[in-house]
Every structure is written in C-alpha cells, then in structure tokens.
A.B. asks: 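Got a structure here, written out as structure tokens. Questions coming.
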Amino acid sequence: EVTSDKGCVPNDLIQKDSYLRTIYNSIIFQNFVQSLLLIDKIYPYADTLSSINYNYYEKYQQLGWHFDNASFAITLMIQSAASGGTFQYVVDARNVEKNILNAQLIDSVLQNKYPIKELRIEEGALVLFYGSNYLHRVTPVTSNKHRVLVTLNYNLQKNIELSENARLTFFGRTH
C-alpha cells in the first residue's frame, strides 16, 4: 500500500481559453514532442479529467509509487518545493508494449531494497517521461513552499481514457 495525497485541478476545471489548453492542442507543440521522442504520432488524451492537470503538493503531501495510464506525460514545473518533493523513478519495472511486468523488481523497490534514480526538477523545467513503463513517485514535500506542476498527457493510441475506478481514485468522481 502506498500513500498518495497530492492535490489536483483536473482538465475539466481548466478554462477553455487557457494558454495551457492552447499549447496542449497545438499541432506545432505535438510535432515538437513527436520529434523529441522519435515517434510518428501522439494523440491527446480522450479522458475529460486527465488531459491537462495542475498538481500541487503541500507540506507532507506526496505521490506514491505508480505507473501512469497515459503512454507518456509532459510536466512543466511551476514551483519547486524548497525541500522534499523529489521525483524518483525506476526503469525496467514494466514494458507495456511487450506486456512485461517485473514483479520481483517492483517488490524490491517497495521494500526499499533496490537503487532508485532521482531527478530534481527546477522551476520552468519541461520533462517528458514514459510513465506507463517507469515506476515512479514524488517523495513527501518537507517545506512550506509547495510543489506545483502541470501535466500534459498524451497517448500513442487514439481515444484512451481512464477507467471509472481510476477516475474515482484520482479525482473522487467519474465525470
């Protein structure tokens, strides 16, 4: 069991004319991402809650070990915590494309018996991350300065949505 208690402003509460939505829907931005990742096509998330999210972590809040449902995420750090709130990840825990799950590695990570990688993300950093294949988390924020970021989620297939259970877990509602 892991703890996840961060705050979130879901996609449907972000203004229709926001700059974030303009960037997210921009063909120019999508082409930029495709060229960076060396992939042919990305698709906006079809889920009404998950395409764009503001995520915020107040003191002691965190995001437990998990895999993302989206093929990959793009995060833009708006404000870094003064301490804590470190992004940690492990490669080789899963490969969705090949239907591989390394349960032994995941178990050793959860028992703190496996070396993890850390990425200290500073304000203004844009990070592209294959969250569906990399086990990852955000450690508890230990400062009064909150960690605030935006996630822009895309997929490699069309019409991908979260399950109803995932919507309830992450947003407390299904619509």
Side-chain angles (χ1 to χ4, degrees), residues 1-14 18 20 24 45 47-96 100-155 160-175:
E1 192 171 302
V2 298
T3 300
S4 294
D5 55 4
K6 69 174 179 67
C8 180
V9 177
N11 181 65
D12 66 342
L13 296 182
I14 296 172
S18 75
L20 282 175
Y24 181 81
Y45 219 72
D47 196 272
T48 58
L49 302 177
S50 299
S51 300
I52 304 169
N53 291 278
Y54 280 101
N55 295 278
Y56 56 92
Y57 302 74
E58 296 176 351
K59 192 170 187 177
Y60 306 122
Q61 288 186 319
Q62 63 189 300
L63 179 60
W65 287 111
H66 69 285
F67 294 101
D68 292 344
N69 186 59
S71 300
F72 60 92
I74 300 166
T75 62
L76 173 61
M77 183 61 71
I78 296 171
Q79 177 177 287
S80 300
S83 61
T86 303
F87 182 77
Q88 298 180 327
Y89 65 99
V90 176
V91 299
D92 300 326
R94 180 165 93 164
N95 185 317
V96 172
I100 296 172
L101 180 71
N102 189 336
Q104 184 177 1
L105 184 149
I106 294 167
D107 186 54
S108 65
V109 168
L110 295 176
Q111 293 181 39
N112 297 316
K113 296 179 181 178
Y114 190 86
I116 56 173
K117 297 182 181 197
E118 292 188 349
L119 182 61
R120 180 74 181 152
I121 305 169
E122 299 300 326
E123 293 168 10
L126 186 69
V127 177
L128 285 74
F129 185 73
Y130 282 103
S132 62
N133 283 335
Y134 291 1
L135 184 64
H136 58 285
R137 73 174 178 180
V138 175
T139 64
V141 169
T142 55
S143 68
N144 289 324
K145 184 181 177 190
H146 302 162
R147 182 182 200 267
V148 182
L149 68 138
V150 171
T151 59
L152 306 171
N153 297 301
Y154 295 93
N155 281 288
I160 301 296
E161 295 183 87
L162 286 177
S163 68
E164 196 167 287
N165 184 52
R167 282 191 205 107
L168 283 172
T169 300
F170 296 125
F171 304 107
R173 59 191 173 99
T174 58
H175 301 293

A.B. asks: Testing the 3.5 Å rule here: is there a donor-acceptor pair between the side chains of Asp68 and His136?
C.D. replies: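 On atom types as modelled, these side chains qualify, holding a pair under 3.5 Å.
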
A.B. asks: Measure the acute angle between the ring planes of Tyr89 and Phe129, then classify it against the limits of 30° and 60° as parallel, tilted or perpendicular.
C.D. replies: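 Plane angle over 60°, so perpendicular.
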
A.B. asks: With a 4.0 Å cut-off, would you call Arg120 and Glu118 a salt bridge?
C.D. replies: no

A.B. asks: Are Phe67 and Asn133 close enough that some pair of their side-chain heavy atoms sits under 4.5 Å apart?
C.D. replies: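 In short, these two side chains do not touch, never coming nearer than 4.5 Å.
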
A.B. asks: Can you check whether Tyr130 reaches Val96 side chain to side chain, under 4.5 Å on heavy atoms?
C.D. replies: no

A.B. asks: To the nearest 0.5 Å, what is the distance between NE2 (His146) and CD1 (Ile78)?
C.D. replies: 14.0 Å

A.B. asks: Measuring from atom NZ of Lys59 to atom NZ of Lys145, what distance do you get when rounded to the nearest 0.5 angstrom?
C.D. replies: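 So the NZ of Lys59 and the NZ of Lys145 are separated by 14.5 Å.
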
A.B. asks: Please enumerate all residues that pass ring pair (Phe, Tyr, Trp, His ring centres under 6.0 Å) together with Tyr154, with sequence neighbours excluded.
C.D. replies: Tyr24

A.B. asks: Any donor and acceptor pair, going by atom type alone, linking the side chain of Asp5 with main-chain N or O of Gln62 inside 3.5 Å?
C.D. replies: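 Yes, the answer is positive, given that a donor and an acceptor are paired below the 3.5 Å cut-off.
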
A.B. asks: Near Glu123 CD, under 6.0 Å, is it more than 12 heavy atoms from other residues, nucleotides or ligands?
C.D. replies: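 For Glu123, atom CD is crowded (more than 12 foreign heavy atoms under 6.0 Å).
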
A.B. asks: Does a side-chain heavy-atom distance below 4.5 Å link Pro10 with Asn53?
C.D. replies: yes

A.B. asks: How long is the span from the CG atom in Asn95 to the OH atom in Tyr134, to the nearest 0.5 Å?
C.D. replies: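 That separation rounds to 9.5 Å.
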
A.B. asks: Compare all side-chain heavy atoms of His175 with those of Asp12 and state whether any distance is below 4.5 angstrom.
C.D. replies: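 No, too far: nothing below the 4.5 Å cut-off.
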
A.B. asks: Less than 4.5 Å apart, any side-chain heavy atom of Gln88 and any of Thr139?
C.D. replies: yes

A.B. asks: Rounded to the nearest 0.5 Å, what's the gap from OG1 on Thr75 to CG on Asn55? Could you check?
C.D. replies: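 Those atoms lie 9.5 Å apart.
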
A.B. asks: Working to the nearest 0.5 Å, report the span between CG of Asn102 and CG of Asp107.
C.D. replies: 10.5 Å

A.B. asks: List the steps and the verdict of side-chain hydrogen bond (donor to acceptor under 3.5 Å, both in side chains) for Tyr45 and Asn69.
C.D. replies: CA-CA 10 Å; Tyr45 219 72; Asn69 186 59; 2.6 Å; yes

A.B. asks: Ignoring hydrogens and angles, tell me if any N or O in the side chain of Ser80 forms a donor-acceptor pair with the backbone of Ile121 under 3.5 Å.
C.D. replies: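 Yes; judged by distance alone, with no hydrogens or angles, the pair exists.
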
A.B. asks: Spell out, as yes or no, whether a donor-acceptor pair under 3.5 Å connects the side chain of Ser4 to the backbone of Gly64.
C.D. replies: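 It does hold such a pair.
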
A.B. asks: Under the criterion side chain to side chain contact (heavy atoms under 4.5 Å, CB included), I'd like the reasoning laid out for Asp47 against Ile160: C-alpha separation, chi angles, the key distance, then a yes or no.
C.D. replies: CA-CA 7 Å; Asp47 196 272; Ile160 301 296; over 6 Å; no

A.B. asks: Hey, is the main chain of Asn153 close enough, under 3.5 Å, to the side chain of Thr151 for a donor-acceptor pair?
C.D. replies: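 It does not hold such a pair.
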
A.B. asks: Applying ring pair (Phe, Tyr, Trp, His ring centres under 6.0 Å), name anything that partners Phe171, two or more places apart in sequence or on another chain.
C.D. replies: none

A.B. asks: Would a distance-only check, ignoring hydrogens and angles, find a side-chain to backbone donor-acceptor pair under 3.5 Å from Asn11 to Ser51?
C.D. replies: no

A.B. asks: Output all residues satisfying side-chain hydrogen bond (donor to acceptor under 3.5 Å, both in side chains) with Gln79, sequence neighbours left out; order by chain, then residue number.
C.D. replies: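 With neighbours one apart ignored, the set is empty.
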
A.B. asks: Would you mind reporting whether Ile52 and Leu152 have side-chain heavy atoms less than 4.5 Å apart?
C.D. replies: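 Yes, their side chains come closer than 4.5 Å.
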
A.B. asks: What's the separation between atom CG in Leu63 and atom NZ in Lys6, rounded to the nearest 0.5 Å?
C.D. replies: 6.0 Å

A.B. asks: Donor-acceptor pair, Thr142 side chain versus Ser83 backbone, under 3.5 Å?
C.D. replies: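 Indeed, once roles are kept as given, a pair shorter than 3.5 Å links the two residues.
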
A.B. asks: Does Leu135 reach the side chain of Ile106, with side-chain heavy atoms less than 4.5 Å apart?
C.D. replies: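 The answer is yes, as the side chains (C-beta and beyond) meet within the 4.5 Å cut-off.
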
A.B. asks: Got a sec, which residues hit side-chain hydrogen bond (donor to acceptor under 3.5 Å, both in side chains) with Arg94, two or more places apart in sequence or on another chain?
C.D. replies: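 None.
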
A.B. asks: Under 4.5 Å between any side-chain heavy atoms of Arg167 and Glu161, yes or no?
C.D. replies: yes

A.B. asks: Using the test salt bridge (charged side-chain N to carboxylate O under 4.0 Å, His left out), find all partners of Glu58 that sit at least two apart in sequence or belong to another chain.
C.D. replies: none

A.B. asks: Who are the ring pair (Phe, Tyr, Trp, His ring centres under 6.0 Å) partners of Tyr54, not counting sequence neighbours?
C.D. replies: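 Tyr54: no ring pair (Phe, Tyr, Trp, His ring centres under 6.0 Å) contacts found.
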
